[in-house]
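Every heavy atom of this structure was used, including side-chain atoms; hydrogens, water molecules and symmetry mates were not. All chains are named by letter (A, B, ...) in the order of the sequence lines, taking the proteins before the strands, and each is independently numbered beginning at 1.
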Number of protein chains: 2
Amino acid sequence: MPSKAQRPVQGKRRQTASKVRAAALTLFARYGYAAVSMRQIASEVGVQPGALYNHFPTKQDILKDLMLSHMGELLTAWTSAKPHPQTDPLVAFARFHIRYHMERADEVFVSYMELRNLEADNFAAVDAERRRYEAILTGILEDGAANGRYALDDPKVTTRALIAMLTGIATWYRASGTLSRQTVEDYYINLVCRAVSLEPGKTQRENG
Amino acid sequence: MPSKAQRPVQGKRRQTASKVRAAALTLFARYGYAAVSMRQIASEVGVQPGALYNHFPTKQDILKDLMLSHMGELLTAWTSAKPHPQTDPLVAFARFHIRYHMERADEVFVSYMELRNLEADNFAAVDAERRRYEAILTGILEDGAANGRYALDDPKVTTRALIAMLTGIATWYRASGTLSRQTVEDYYINLVCRAVSLEPGKTQRENG
DNA sequence: CTTGAAAATGAATGATCGTTCATTTATTTC
DNA sequence: GAAATAAATGAACGATCATTCATTTTCAAG
């Protein structure tokens, strides 16, 4: 007799599948895909190894699912993000990227460390998404360079440099540390702005 | 009867050991430590698996050797690097870092992707070297910030941001591409300079 | 409550893993 | 060239790997 009726949402059906995803994500992030066994994942989920195959056909499919989901959610999140319309586009993108990546250290870690372990088809699919995401930043840089708002040598090189810098936060930032998320975000925004000679004070888009 | 006397240098003794290192480096960089077997390494060297154990006691020792050697050589290279004395210290360091890392993509890749696969003792040793290297840049930034040459929020955060940005070159730069090493180097130097508000034209150290 | 389907079990498959070792082969030392 | 030493072989070890499957258990729908 539960005091509040247990949600009968979609049965227990899809529950194990998402527990598998969660366990695999944590283990892959910590030990690496190749070093994690299906037995470890099963043990973490609290199930026998064979049961995993009711939800994912192979170990590789778990990795593919995690990485494609991450990229898909990242792109969706950007599309539906509505930054303050006065904010400079580069600043808006960088703030979005920093926040999203600080909140999902494991996903980020797996998604850029395990590319090597994707089979050819899966790599192509994930890499296409990654390029779509980078193209967003490249477009912003091209626009800003065209009208003189940013100073930069090459939009694609700058894209890779900035993405590497920002994504790197996930490799060292720990919520338990002394720096708050907001502080780290602000410091990195300053670095990004200066890297393209956008005066940090002038991050409001000029209208008219 | 060799036309030119075969170098009897140190016999064939250490020759296999360095072939093992080279093979392991290439394989680890391409497939990851955990995904590479001792049999693959032996096959690449042209030897039976058991022979590897005449040179390295375990697979883990090969990884430790590769990573510690890389860090040691990196620190030695910096110590013995003699940049033009008029060059701004940050520019000198960044140029050194970029060049060193573009020339050794495999070493760099292994050294920052395989940290997870080091046993505790080995990780501690490698990480200590890594921190020694980062401390060099942090020191440069602190000096420059103290006398107003650079604008930055936090030397340690800036160190991590710049190192991530610069090291990221190894993940995408290919000598076969359209961009020359010198071009990439120059673009990144501009990014670094602007990131700390050091006017790119003013990269000569002022004396007096 | 009955029925059909999905999920989980528990045991097994063959393959591959890192590592060992007695033996043979190659190299260095005297 | 003989003796000593190191390297390489080839076969084997037990452990663990991803995956399969007949069977049992659990769950959702009628």
Side-chain angles (χ1 to χ4, degrees), chain A residues 2 5-25 27-28 30-66 110 114 116-122, chain B residues 1-2 5-25 27-28 30-66 114 116-122:
Chain A
Q6 198 89 341
R7 289 229 214 134
V9 271
Q10 66 185 3
K12 174 171 287 185
R13 191 78 99 70
R14 312 246 144 190
Q15 218 163 23
T16 303
S18 70
K19 286 209 283 186
V20 172
R21 265 185 288 267
L25 180 67
L27 289 168
F28 290 171
R30 176 138 38 185
Y31 304 109
Y33 171 78
V36 172
S37 69
M38 292 296 268
R39 285 169 177 79
Q40 279 178 270
I41 298 171
S43 164
E44 189 79 7
V45 173
V47 97
Q48 294 295 321
L52 300 179
Y53 291 85
N54 287 320
H55 307 279
F56 296 93
T58 68
K59 182 185 173 188
Q60 171 78 195
D61 282 280
I62 302 178
L63 181 62
K64 176 187 75 174
D65 181 280
L66 289 176
V110 169
E114 304 298 351
R116 289 183 300 191
N117 291 303
L118 285 173
E119 289 162 10
D121 319 349
N122 299 334
Chain B
M1 52 171 71
Q6 198 87 341
R7 288 231 216 131
V9 270
Q10 66 188 1
K12 173 171 287 184
R13 191 78 99 72
R14 312 244 143 192
Q15 216 163 26
T16 302
S18 70
K19 286 209 284 187
V20 171
R21 265 186 286 268
L25 179 67
L27 289 168
F28 290 169
R30 176 137 39 184
Y31 304 109
Y33 171 78
V36 171
S37 69
M38 293 296 268
R39 284 168 177 79
Q40 279 176 272
I41 299 171
S43 164
E44 188 80 8
V45 173
V47 98
Q48 294 296 321
L52 301 179
Y53 292 84
N54 286 321
H55 306 279
F56 296 93
T58 68
K59 184 186 174 190
Q60 170 78 196
D61 282 282
I62 302 178
L63 181 63
K64 177 187 74 172
D65 181 281
L66 289 175
E114 304 298 351
R116 290 183 299 193
N117 291 304
L118 285 172
E119 290 162 10
D121 319 348
N122 299 333

- Is any side-chain N or O of A:Ser37 closer than 4.0 Å to OP1 or OP2 of D:dT16? no

- Whole-Å distance, A:Gln48 CD to D:dT19 C1', equals 14 Å

- In whole angstrom, what separates B:Lys19's NZ from D:dA8's C1'? 12 Å

- Where each residue is assigned the nucleotide of DNA chain C containing its nearest heavy atom, which of A:Arg39 and B:Val36 is assigned the position nearer the 5′ end? A:Arg39

- Task: Summarise protein proximity over nucleotides 20-25 of chain D in one line of letters, 5' to 3': B for base, S for sugar-phosphate only, - for none, counting protein heavy atoms closer than 4.0 Å.
- Result: B-----

- Note on the structure: Residues pairing under side-chain hydrogen bond (donor to acceptor under 3.5 Å, both in side chains) where one sits in residues 30-39 of chain B, two or more places apart or in two chains, turn out to be B:Tyr33-B:Gln60

- Task: Enter the distance from B:Asp61:CG to B:Leu52:CG here, rounded to the nearest 0.5 Å.
- Result: 12.5 Å

- With rounding to the nearest 0.5 Å, note down the distance linking CZ in B:Arg21 to NZ in B:Lys19. 13.0 Å

- For D:dA18, does OP1 or OP2 lie under 4.0 Å from any side-chain N or O of A:Thr58? no

- Query: For A:His55 and C:dA8, is the shortest distance between a side-chain N/O and OP1 or OP2 below 4.0 Å?
  - Reply: yes

- Nearest-Å distance, CG (B:Leu27) to P (C:dC17)? 12 Å

- To the nearest 0.5 Å, how far apart are CG in B:Leu63 and OG1 in B:Thr58? 9.5 Å

- Message: Using only modelled atom types and a 3.5 angstrom limit, is any donor from either the side chain of A:Asn54 or the base of C:dA8 paired with an acceptor on the other?
- Response: yes

- Query: Can you check the A:Asn117 CG to D:dA18 P distance for me, whole Å?
  - Reply: 12 Å

- Note on the structure: Dot-bracket for DNA chain D, 5' to 3', Watson-Crick and G-U pairs with both distances under 3.5 Å, [ ] for crossing pairs, | for partner on another strand, reads ||||||||||||||||||||||||||..||

